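Down below is the structure, laid out as structure tokens.
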Amino acid sequence: MIEKTYQPADIEARMSVVWEDSLAFKAGRPDRRDAAPFTIVIPPPNVTGSLHMGHALNNTLQDILCRFERMRGRDVLWQPGTDHAGIATQMVVERQLMERQQPGRREMGREKFLERVWQWKSESGDTIINQLKRLGASCDWSRERFTMDEGLSKAVVKVFVELHRDGLIYKDKRLVNWDTKLLTAISDLEVQQTEVKGNLWYLRYPIEGKTFDPEDRSTFIVVATTRPETMLGDTGVAVHPGDERYQKLIGKSVILPLVGRKIKIVADEYSDPEKGSGAVKVTPAHDFNDFEVGNRHGLRRISVLDKEGCLDLVDNEDYLKGLPEGASQFAEEFNKVDRFVARKRIVERLESFGFVERIEPHTHMVPHGDRSNSVIEPYLTDQWYVDAKTLAKPAIAAVRSGETTFVPKNWEKTYFEWMENIQPWCISRQLWWGHQIPAWYGPDGKVFVAETEEEAISHALGYYVEQEVITAEQGREMALDRNKRDGFITRDEDVLDTWFSSALWPFSTLGWPEDAPEVKRYYPTNVLVTGWDIIFFWVARMMMMGLHFMKEAPFSTVYIHRLVRDEKGAKMSKSRGNVIDPLNLIDEYGADALRFALAREAAHTHDIKLSSQLVEINRNFATKLWNSCRFAEMNECAVPDGFEPAKAKEPLNRWIAHKAAEAAREVTEALEAHSFNEAASAMYRFVLNIYCDWYVELAKPALLGADGPLKGETRAMVAWARDEILKLLHPFMPFITEELWEVTAKRDGLLALAPWPLKPAGPTPEQLAMLAAAAGPTDPLISPAFVMPFFDHADFSDPEAEAEIGWVIDLVTQIRSVRAEMNIPPATLTALVLAGASAETRERAPRWTDVIKRMARLSDISFADRAPDGAVQLLVRGEVAALPIKGVVDVAAERTRLDKEIAKADADIKRAESKLANEKFVANAAEEVVEEEREKREAALARKAKLLEAQERLKQVS
RNA sequence: GGGCGGUUAGCUCAGCUGGUUAGAGCAUCUCGUUUACACCGAGAGGGUCCGCGGUUCGAAUCCGUGACCGCCCA
């Protein structure tokens, strides 16, 4: 029994349990042993996060594909899991400590702090998994992984060690993006350039050997800068080699104001003569471009800031080197002053000596950390890097060759653009939460990279014995006795960028580096579904790592979807307060409604503007479906054993069979092309506009009528079509369809595992060969459709049924329209006279008398040679249908209506004729297009003739 | 500055490799309780397909150009 009202919450809670208990989503089910695998790895959400609208869209799309392919007989693995999200999670826990006024991370120490993070993970780590389940995600939950679990950590270490061995990971001292708040390096991608209103300061640097005079321009050179405080670290001034103004100065030196350092004027193309004064100060230790300039000219790098972004001058040997007397006094005065305070004070000091020429307001881009939102400092440190340039090559080639394709294809351009200009990837982070870098340092700082500490120590001891730092005897002792080597080597404190471990996700989750059968079976994966915002962060890096370690690209298709925005199109953000919580929508309208809304909006080009109203509309659709199933139930509709829709006799039933097959084809093709919106819209239209509006209505007389073949077949077909709908809708609306599947008939199994209406066109020869090679004993009885070439392209097409039902629909529609137009109240039943009907119509009409009377509010249907006088005359598929409505018809109004119709017919005739009169059209256009045009003309001419006749008769009345 | 996307009904959007009478939902208006469903049904109105030029027998669709909006990278 179907409940009277559709209550998503009840159904969804129950179905989650049913699916869970039945292990329906488990990969490698025995009955699918011989089926082709279909794999998707989930973009792992942050373990301590909670479901937002982006997740809802992303996972809905993945689930649609997984459920679709599962029904098509594939062995589906949707690999779930979560990401440890280094910085984000560490920040959350640190904030929590602060709020609770507990000791901070540094006071706690690394070990204690990490314990604390794990504890937080265990408390809140299930939240998002449970939320994904509420959305209906059909992941194989038994395989859930976490980027920091044992297996994945092993993969991380192995990858690090191997890349290091191959020279693809190395340590380097260069400028990094330094977050002075989080006290860690971050990668280029984690830096957001934000427009900031600042100033351009024009500073006067006195030329060596001349007495500085603010009034005398020959005694100084003007440099423009947005960051005056970094001048303390200047080691050069650059001018453009072609800049005539400065030709004479190239090679000379200036004396750095306040500091007294003598620095050179160099010629470098980096300096833009159009910008500022055309001369720039060069601070290699605090600016990425200056770093390059410095390299080209052998300039010193002097770092004048500390980790927190304060001036670091006292005891700074680099800074103090070569400075005149009195420099230390200045150093002490400014030491440990914050960079922004220092900016102000240094400018003041420069001004007081006349070193500031002028100050211009200047808007420019300033780098900010995407997590801390503090200003990022280019900072000179030792960090670990991945040689991304080398790894990118195969990753570029794989997309070029089509081994991996992006959908939509335009994203490939973005991908290439970035990959071809890729910079070394800084992977070390000065954090605690993450995979600690497997590198150890000996007493002299030499690095030993190894998978374990044991291995590292053995390398180290071997090395130092050879170098005669320790004796062979000492080496042996230390190898045997842990206590003796305590402190001999120390591990690198840093951890890896979170994205380092996510880059391995498509194979690490399958069990790599162990020799797991899943790796062989499910790698490479089929589709990756993700938003465009993480193409660089994640997709590109998975491509690099996958190709390097597995020799195959990790996925054949990358489907990029758009972002979900609020109803006005603004990006959802906490600060804007416009965040829509998907769980609230699920609570109110059901997960199915939310999913269907997202699927229908998931077109390629636009971001999705989501409103609760949108979800409501789709909830209404679900209710409609629900009620249509109740209708079938009330009429005792059921599919008898052995029922074959193709053998239906009744035109109506043949018609719906055809329409259902057509819908199945549309949905299938759309899903194969990842056109989620088309697939969902096709179902929306089929269910509402075909099944509910017409089929069910037209079937009513048969269902309510006397028992017999007509009623029997109709009952069977109503149920059959309903089942087709449930199957086709299942990927989109899994809960309601599974529920209805269960309660509407006795079933062999879950809908989630039921066969898809349209069978795949059979395996390709390659797939057959692959399956044969995979061998293993196969039981033909349990072989899924996939293995047996099975071409099911039957569409039950039946032009006669199409014509007949089409006629009924047109007739009813037109009568309704004219009745509404003429304000005939529904209570007034009118008669219908089919005038001069063809033999076909005379034969057809009696079969539909009941239906037409019901739907068009008629009292009677009769035939006549010609329409009665004073009747409203409609043209239905070329024949006259007259409604004699004495006294009701407003003759003038009817005349106007006919005039309008005639004008329309005239326009059609004219359009067709002008085309046909065009010789070029007839000569160039495709034959069927020309033929179509001829038919249009004929039809319009016939229509006009009938309308003129009708008008003639109307004249006789008046 | 380089690149990408968009501009179609009041609103949100479909419209694919040129040929449709340019569609849908919402909103608006009219009508309605007929054996599923008011979370419903029937009907109606509503368009310079951003502008200009070109290709073509034919352009919302292809090309060029301009305007405006959004995003990414410097």
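Quick caveat: nothing in here was measured; it's all calculated off a predicted structure. All chains are named by letter (A, B, ...) in the order of the sequence lines, taking the proteins before the strands, and each is independently numbered beginning at 1.
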Side-chain N or O of K936(A) closer than 4.0 Å to phosphate OP1/OP2 of U21(B):
yes
Inter-nucleotide P distance (G10(B), U17(B)), Å rounded:
27 Å
Enumerate the protein-to-nucleotides 27-34 of chain B contacts in which both atoms are nitrogen or oxygen and the separation is below 3.5 Å.
from, atom 1, to, atom 2, distance (Å)
U34(B), O2, R857(A), NH1, 3.4

Between G15(B) and U56(B), how many Å separate the two P atoms, rounded to a whole number?
28 Å
Interatomic distance, E933(A) CD vs G19(B) P [rounded to whole Å]
12 Å
On a whole-Å scale, what distance lies between the P atoms belonging to C49(B) and C40(B)?
34 Å
For atom P, what is the distance between A74(B) and C57(B), given to the nearest Å?
48 Å
Derivation and outcome, salt bridge (charged side-chain N to carboxylate O under 4.0 Å, His left out), residues R665(A) and E662(A)
CA-CA 5 Å; R665(A) 207 187 59 243; E662(A) 205 173 69; 5.4 Å; no
is_close_aromatic(F676(A), Y559(A)), centroid dist under 6.0 Å:
yes
Atom-to-atom span, CD1 of I560(A) to P of C72(B) - whole angstrom:
15 Å
Looking at A44(B), I'd like to know if its phosphate oxygens (OP1 or OP2) sit under 4.0 Å from a side-chain N or O belonging to S817(A).
yes
E666(A) has an atom CD; how far is it from atom C1' of A24(B), in whole Å?
14 Å
Distance check needed: G41(B) C1' versus N627(A) CG, whole Å only.
13 Å
Atom pairs under 3.5 Å, N or O on each side, protein against nucleotides 57-64 of chain B: can you list them with distances?
from, atom 1, to, atom 2, distance (Å)
C57(B), OP1, N924(A), ND2, 3.2
C57(B), O2', N918(A), ND2, 2.6

Contact summary for L875(A) and K946(A), nearest pair of heavy atoms:
CD2-CB, 3.5 Å
Each nucleotide N or O in nucleotides 2-11 of chain B that has a protein N or O under 3.5 Å away: list the pair and distance.
from, atom 1, to, atom 2, distance (Å)
C4(B), OP1, K413(A), NZ, 3.2

Residues R911(A), D908(A); criterion salt bridge (charged side-chain N to carboxylate O under 4.0 Å, His left out); working and verdict
CA-CA 5 Å; R911(A) 186 169 36 238; D908(A) 288 352; 2.6 Å; yes
Only pairs under 3.5 Å count here: list side-chain donor-acceptor contacts from residues 416-426 of chain A, not counting sequence neighbours, and write none if there are none.
from, atom 1, to, atom 2, distance (Å)
E420(A), OE2, R400(A), NH2, 2.7
N421(A), ND2, E417(A), O, 2.9
Q423(A), NE2, N421(A), O, 3.4
W425(A), NE1, D497(A), OD2, 3.0

Euclidean distance, atom CD1 of residue I2(A) to atom C1' of C37(B) [Å, nearest integer]
12 Å
For N373(A), side-chain hydrogen bond (donor to acceptor under 3.5 Å, both in side chains) partners two or more places apart:
none
Just the table, please: protein N/O against nucleotides 53-55 of chain B N/O, every pair under 3.5 Å.
none

Rounded distance in Å - CG (D693(A)) to C1' (C37(B)):
12 Å
Between C69(B) and G25(B), how many Å separate the two C1' atoms, rounded to a whole number?
24 Å
Of D607(A) and D908(A), the one whose closest nucleotide on RNA chain B sits nearer the 5' end is D607(A)
Report, as yes or no, whether the 6.0 Å neighbourhood of atom NZ on K904(A) holds more than 12 heavy atoms from other residues, nucleotides or ligands.
no
Can you check the distance between G23(B) and G45(B), where both ends of the measurement are the P atom (answer in whole Å)?
12 Å
Examine the side chains of R715(A) and N635(A) and answer whether a donor and an acceptor come within less than 3.5 Å of each other.
no
G41(B) and U34(B): how far apart are their C1' atoms, nearest whole angstrom?
10 Å
Those residues at least two apart in sequence (or on a different chain) that pass side-chain hydrogen bond (donor to acceptor under 3.5 Å, both in side chains) with H286(A) are none
How would you list, by chain and number, every residue that makes a side-chain hydrogen bond (donor to acceptor under 3.5 Å, both in side chains) with T830(A), sequence neighbours excluded?
R819(A)
By salt bridge (charged side-chain N to carboxylate O under 4.0 Å, His left out) - contacts of R565(A) (at least two apart)
D607(A)
List in chain and number order the residues that pass side-chain hydrogen bond (donor to acceptor under 3.5 Å, both in side chains) with K944(A), two or more places apart in sequence or in another chain; answer none if no residue qualifies.
D906(A)
Check residues 679-700 of chain A and write down every donor-acceptor pair under 3.5 Å in which the side-chain atom is one partner and the other belongs to a residue at least two apart or another chain.
from, atom 1, to, atom 2, distance (Å)
S681(A), OG, N677(A), O, 2.6
Y691(A), OH, V718(A), O, 3.1
Y695(A), OH, N653(A), OD1, 2.7
E697(A), OE1, K700(A), NZ, 3.3
E697(A), OE1, R854(A), NH2, 3.2
E697(A), OE2, K700(A), NZ, 3.1

For residues H240(A) and S271(A), is any side-chain donor paired with an opposing acceptor at under 3.5 Å?
no
What pattern of brackets, bars and dots sums up RNA chain B from 5' to 3', given Watson-Crick or G-U wobble pairs under 3.5 Å, [ ] for crossing pairs and | for another strand?
(((((((..((((.....[...)))).(((((.......))))).....(((((..]....)))))))))))).
Looking across every strand, which nucleic acid part, if any, lies under 4.0 Å from R619(A) by heavy atom: base, sugar-phosphate, or nothing?
base
Span that lies between the C1' atom of A59(B) and that of G64(B), in whole angstrom
14 Å
Output, in order, the C-alpha distance, side-chain angles, deciding distance and verdict of side-chain contact (heavy atoms from CB on, under 4.5 Å) for E412(A) and F406(A).
CA-CA 6 Å; E412(A) 287 179 8; F406(A) 280 71; 3.4 Å; yes
Taking for each residue the nucleotide of RNA chain B with the nearest heavy atom, is it F536(A) or N635(A) whose nucleotide lies nearer the 5' end?
N635(A)
Find the distance I815(A):CD1 to G43(B):P and express it as a whole number of Å.
12 Å
Which listed nucleotide (C71(B), U21(B), C39(B)) is nearest to the side chain of W532(A)?
C71(B)
Rounding to a whole Å, what distance do you find between N689(A):CG and G43(B):P?
11 Å
Assess the residue pair Q873(A) and V818(A) against the criterion (side-chain contact (heavy atoms from CB on, under 4.5 Å)); give the C-alpha distance rounded to whole Å, side-chain angles, the decisive distance to 0.1 Å, and a yes or no.
CA-CA 10 Å; Q873(A) 296 169 67; V818(A) 82; over 6 Å; no
